[in-house]
Structure formats: structure tokens, C-alpha cells
Asker: 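After the C-alpha cells below, expect a handful of questions from me.
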Amino acid sequence: MKLLRDIGLLYKRKLMETLRNPIYIVMSMLTPVLYLILFSPLLNKLVGTGGTRSVLDLFVPGLLVIVAFFNGLFVGYGIIDEIRNGVIERFRATPTSRFAILAGPVLRDTTNVLVIVTLFTLVSVPFGFRPDPVGWLVLLVIISMLIITTASFGYALGLILKEEDRLSPIVQGVNLPILLLSGVLLPMELAPTWLQVLAHFNPVYYSVEAARVLCAGTIWDAKVGYAFLFMVPLTVLVVAWATRAVRSVVA
Amino acid sequence: MPDAVVVTEDLKKYFPSRNGPVKAVDGVNLEVFPGEIFGFLGPNGAGKTTTLRILTTLVKADSGAATIAGFDVLREPGDVRRNIGYVGQAGGADRPATGRENLILQGRLYDMTLQQAKERAAELIAALDLTEFADRIAHTYSGGQLRRLDVALGIMHRPKVLFLDEPTTGLDPQNRANLWIQIGKLRDMGVTVFLTTHYLEEADTLSDRLAIMDHGKIVAEGTPTELKKLVAGDTISVGLMDDRKNAAIAALLAQKPYVRDFTVDDCHLRIVVEEGSKVMPELLRLFDQESIEVATITLAVPTLDDVFLKQTGRTLRDTESAGGEQG
């Protein structure tokens, strides 16, 4: 079928880019590793007094989620380059489906994130992180939805704004509140009620909550259910919106 | 005449702006026939690019209709896309990939098999002189090399019409001349080419037929020669050794049917004729017979800029410095 074939072709194009520059994967590993080494020790005392869960069981699942979020949000810069070089316009003048023009790069980003998440999990094991294997696999599904959503969002922003200077404030403006309200750095249970309420509007929060119980080995949990309930429609909506953005962009 | 491959009827596209709508395309009617190179000449902001984007399904017209190879751009965009090649102003080559990879992917997006795409890519690499850099990453290409790859991408699937938007903008004179040769080759391959340009020489050299556009409207259309005939004619300037025979010369020129107009003062003669290159030898013979000694003689043919001036009251060279926004 033409659609699937075109998605495959455009996916391969972007994948070749990553394979030619594997340094990107290493750079993307840097952020979570720095968090692991320079931030997680801060949590030691906090958790040591408060409970029996190890710091890494609390912290690493959230980091896995945030890696997906970060990697997706910044893809807009890459597509601005391609708009400027006329690549997107050239594809739009071919019979290729507009959805494939979006899906190719998004699937490449998803692949990148899954590789990074796997590598980072392996890096965390010697530090003492012991995720439940089945739970971890289910988490990969949630992470995939998250990267598909954020990458599509990032591309749509790039396609609509077309300039780095206009993209930056929005990306930064979205980035920080989502991170702070995700409960990655500190569990949201510590937050006052109003902050907790606010967190419930954050899709990343549900993913982080689900990630923790999944890595602990609980799959049939309400938190996992909420994550799917929130992420599935959100993914569909954002992908549809981003496809529309592809439909109308000109260089 | 064969059926036109591009037909537009009263095409209109307005863009909103603070000072009321900008009439980017304001009632464009044109026809392009198979095998010809059709030039679209006009200053920046004239509406050329917008017209091209409407024809290539990238932008929707507000009103009017256009068909490419018999397919309606609005109702049958998929069929239109299959029949056209498009090289935008920005080019379109994917920089992190090699030229050959770019070409093969392009062919595959037009439903060629991998084998077909490879063969066609090799064919174009040879035909458009891309061999020496085809397997390098496009990031490393010079502006001229990128442009040639862009053109190859545009004709990868053997389109019925190739649209080129300002193909030589930003190229140095040598690369521009080289690209003209490559575009000339397309004519030999039988590709119909629709190109926009704001360079007079380019429109003049490449086009079989051209339309001049200004403020969203077509102000003149025809072959370069036909268009230039719209202006007064060729001018022959003659410098004489002396002015003793001026009265005789005036009497002589007044009799000649091919002389449209002339002025004689001092040792300088200015003669306006229909076709200067044909008249010049005859004039020289005449001067010889009458023992009129000629010091210098030059022929000035009208340029497309003279045509633009006649139709719009401005010259393209003026508008070039005033312009800047995209057409």
C-alpha cells in the first residue's frame, strides 16, 4: 500500500540522518545521565527518611518519560531547516500523502527515543535500578505515544512558525511548566493541593505516575489506565493537527 | 496547435494585510503548450511564485480555474502532482543525504520500483553532469551543484511539465550560464518547462514564449521577438565623417520604406527600423554608393525591459531595487 510504503521511505530518509550522526544519540543520553549522577543523590535523604522505596525506583521511571518529552519538543528546529531548504515543499508537490511526510520523521524520533530509553535503563541497572521487565515493556508503549505526541507537536509548531526566533519562546514556555508539574524531580504527593490539581492537566504527569507503578511491577493499576486514557486521544488529536499543518506549509 | 498542457482561467488569489487585501494574483489567463519553455517574467512581488504555487497544488486559488495535463488543480490534486515536476525557489534537495539518494527517494515517492529509480537516477546524473558529486552528501555542494540536483529531482519521474521558480537566483554568472545550458537540454528531452524569473536576460535567452507579469496581472504575452516588436523597433546609430551631405541623406532616408523614423544632426544619424540586422547591410551599401563616409555604426535592439517599460511605465531594473518581498 502506497501510504505505508511512503511512510517507510520517509522514515528511512530520517533514520539515515541519525545513523550518519550517531553522536546525537550520545548527546541525548547526556541529560538523563547527568540527572542520574548529579541530581538523584539529592533525593537519597528525602526518600531515606520517608519510605523504603529506593531512590532510583522513584526517579528513573520518570526520567525515562521526560527523555521522550524532551526529545520530541525540540524537533521543530529541524523541520524549520527543511522548510527553508524547500524539502517539505518538494514532498508536498509529489503524490505522497501529507500524513506520510509527518509520520516518517515522527517514527524516526520514536526509534531514537526507544533506543535512548533502553540504553539509559541499562546504564541505570549498575546504579541499582531494577525495573519489572513486563512493566517496562508496557511503559515503552506509553513512552512511544508520548514521543509521537510531542514530536508531532514540535513539528506542527515549526511548520506554523517557520522561524527559530518565534519557536524558541513557545518551546521554552511549554517545557518548564510541563517538567515542573510532571512530578519527575520530586513526587507530586509533596505538593500543595492546588499544585496537584494543576498537575492533573499535564499528560506527562500521568505518564510519570504510570511509569513508576509499571517499573515496580504493577500492570493492572488505575494509574496505568489513566495514562492510556489520557494519551491515546491526545496522540490522535495532535497527530491530526500536525498533519493539517503539513498540508498548508509553503517555504 | 496541440492541446495546451497548462491552462488557467481568471485565476485570483488575494492575501489579507493591514492595508486591505493584496492582490497577489489578479485574473491570470494563460496557456502553455507541450514542449515549449514558457517564461514568466516580472519583478519581485509580481505574483509569479503564487501563481506557480497554485498550479502546483501547494496553494489554493480564491477563484478561477487551472488545469494541468487536463486535470483540475483543485479537484484532482493527486493527478496533477503525478504529472508535474516542481523546483521551488528554495530548491528542495535534502542536505544530509547524497544526490543519488535524493534522486532515488524522489523516484520512489512517484511509485517507481527501486530498480527503476536507480536506473533513472543514473541516467540523470550522467545527463545533467552530476557524476563527480552525486555520491557526496548534498551539504558539501556548491550553489550551482545544488541547483542542478534540484532540477534533476524535478524531472526524475518524467513529468509532463516542469515548474522552475527563479531557478538561477543567487547563482554567479558562470553557474547561471551552466544552468541555462542544462535547462536548454530539457527542451531537447521534450520536457515542457514553466519558469519564473526576474532576470531579463534569462527570460529572453530561455523562453520560447513568455508572459510579463506585474501587480498580479499579465501585461504582455508572446515570443520574445514578438514582444520586442511592441516597442518602437531597432535603432541604428551612425557616426559620419562630416555633415556636408546631411540634406541629401535626409532626402534619401525619407524614400526608404523600411525606415520608420530618423533624425540627422551634425555628424550623427539615428534611424529607427523594423529589423535592424537586415537593414544594416543595405544601409551600408547605400552609403557606399552615395559616397557617404561612415565613421561608426551600431545597432541597438529593444530589450524586454523596454517592453516592460512600455506596458507598465516602470523598468524592471527600477523595481528590482524597490522590491524584496517574495513574488
Side-chain angles (χ1 to χ4, degrees), chain A residues 1-24 75 77-105 108-109 112 158-159 162-163 243-251, chain B residues 15 49-50 52-60 68 73 76-98 101-102 104-114 117 137-139 141 146-147 149-150 153-154 156-157 159 161-163 165-166 326:
Chain A
M1 185 188 159
K2 178 164 172 62
L3 176 63
L4 291 179
R5 208 187 66 159
D6 284 357
I7 292 174
L9 289 166
L10 295 170
Y11 168 63
K12 193 182 145 213
R13 169 181 84 97
K14 295 301 283 181
L15 199 62
M16 285 298 291
E17 241 180 85
T18 307
L19 292 177
R20 285 197 167 115
N21 273 310
I23 189 74
Y24 168 81
V75 297
Y77 293 97
I79 207 159
I80 286 178
D81 234 25
E82 294 195 341
I83 297 169
R84 201 165 284 148
N85 291 336
V87 182
I88 302 298
E89 211 179 54
R90 169 164 66 91
F91 289 151
R92 283 189 64 226
T94 73
T96 312
S97 106
R98 319 293 93 168
F99 175 68
I101 296 173
L102 173 76
R108 188 278 309 260
D109 300 327
N112 280 2
L159 288 166
K162 290 191 232 173
E163 273 164 50
T243 307
R244 267 187 61 130
V246 175
R247 199 157 283 153
S248 54
V249 70
V250 289
Chain B
F15 291 110
T49 295
T50 306
L52 212 68
R53 283 181 172 153
I54 292 170
L55 296 178
T56 51
T57 75
L58 295 171
V59 164
K60 285 192 174 80
I68 313 278
V73 291
E76 301 157 299
D79 292 305
V80 169
R81 287 172 191 145
R82 271 170 219 288
N83 283 289
I84 60 165
Y86 171 69
V87 181
Q89 250 171 68
D94 187 23
R95 308 293 166 92
T98 70
E101 285 168 352
N102 264 290
I104 292 173
L105 173 63
Q106 182 81 349
R108 300 277 280 146
L109 292 177
Y110 284 100
D111 299 335
M112 289 184 186
T113 65
L114 181 59
I137 301 284
H139 263 309
Y141 288 16
L146 266 177
R147 261 335 200 176
L149 173 60
D150 293 337
L153 284 167
M156 184 66 192
H157 59 295
V161 198
L162 174 66
F163 291 91
D165 196 5
E166 302 275 355
Q326 274 191 349

Asker: Does any backbone or side-chain atom of B/Leu153 lie under 4.5 Å from a heavy atom of chain A? Answer side chain, backbone, both or neither.
Answerer: side chain

Asker: Is B/Arg95 reaching over with its side chain to a backbone N or O of A/Asn85, donor-acceptor style, under 3.5 angstrom?
Answerer: no

Asker: Test your reading of the model: is there a side-chain donor-acceptor pair from A/Arg13 to the backbone of B/Ala97, 3.5 Å cut-off?
Answerer: no

Asker: Counting heavy-atom pairs under 4.5 Å with chain B, which one of A/Ile88, A/Leu10, A/Leu9 comes out on top?
Answerer: A/Leu9

Asker: Is the closest side-chain heavy-atom distance between B/Arg81 and A/Thr96 below 4.5 Å?
Answerer: no

Asker: How about B/Ile137 and A/Arg20: do any of their side-chain heavy atoms sit closer than 4.5 Å?
Answerer: yes

Asker: By side chain to side chain donor-acceptor pair (under 3.5 Å), which residues pair with B/Thr56, not counting sequence neighbours?
Answerer: none

Asker: Check this for me, if you would: do A/Arg90 and B/Asp150 make a salt bridge, where the nitrogen-to-carboxylate-oxygen distance has to be below 4.0 angstrom?
Answerer: no

Asker: Given side chains that start at C-beta, do those of B/Tyr86 and A/Arg92 come closer than 4.5 Å, heavy atoms only?
Answerer: no

Asker: Heavy-atom pairs under 4.5 Å with chain A: which of B/Gly88, B/Gly91, B/Ala93, B/Pro77 has the most?
Answerer: B/Ala93

Asker: With a 4.5 Å cut-off on heavy-atom pairs, point out which of A/Met16, A/Arg98, A/Lys12, A/Arg247 contacts chain B the most.
Answerer: A/Arg98

Asker: Using a 4.5 angstrom heavy-atom cutoff, name the option from B/Lys60, B/Glu101, B/Arg108 with the most pairs to chain A.
Answerer: B/Arg108

Asker: Is the backbone of A/Pro95 close enough, under 3.5 Å, to the side chain of B/Arg82 for a donor and an acceptor to pair up by distance?
Answerer: no

Asker: Heavy atoms, side chains only, cut-off 4.5 Å: are A/Phe91 and B/Asp94 in contact?
Answerer: no

Asker: Could you pull out all residues at least two apart from A/Asp6 that satisfy salt bridge (Lys or Arg N to Asp or Glu O under 4.0 Å)?
Answerer: A/Lys2

Asker: Ignoring hydrogens, what is the shortest heavy-atom contact between B/Ala90 and A/Gly86? Give both atom names and the distance.
Answerer: CB-N, 3.6 Å

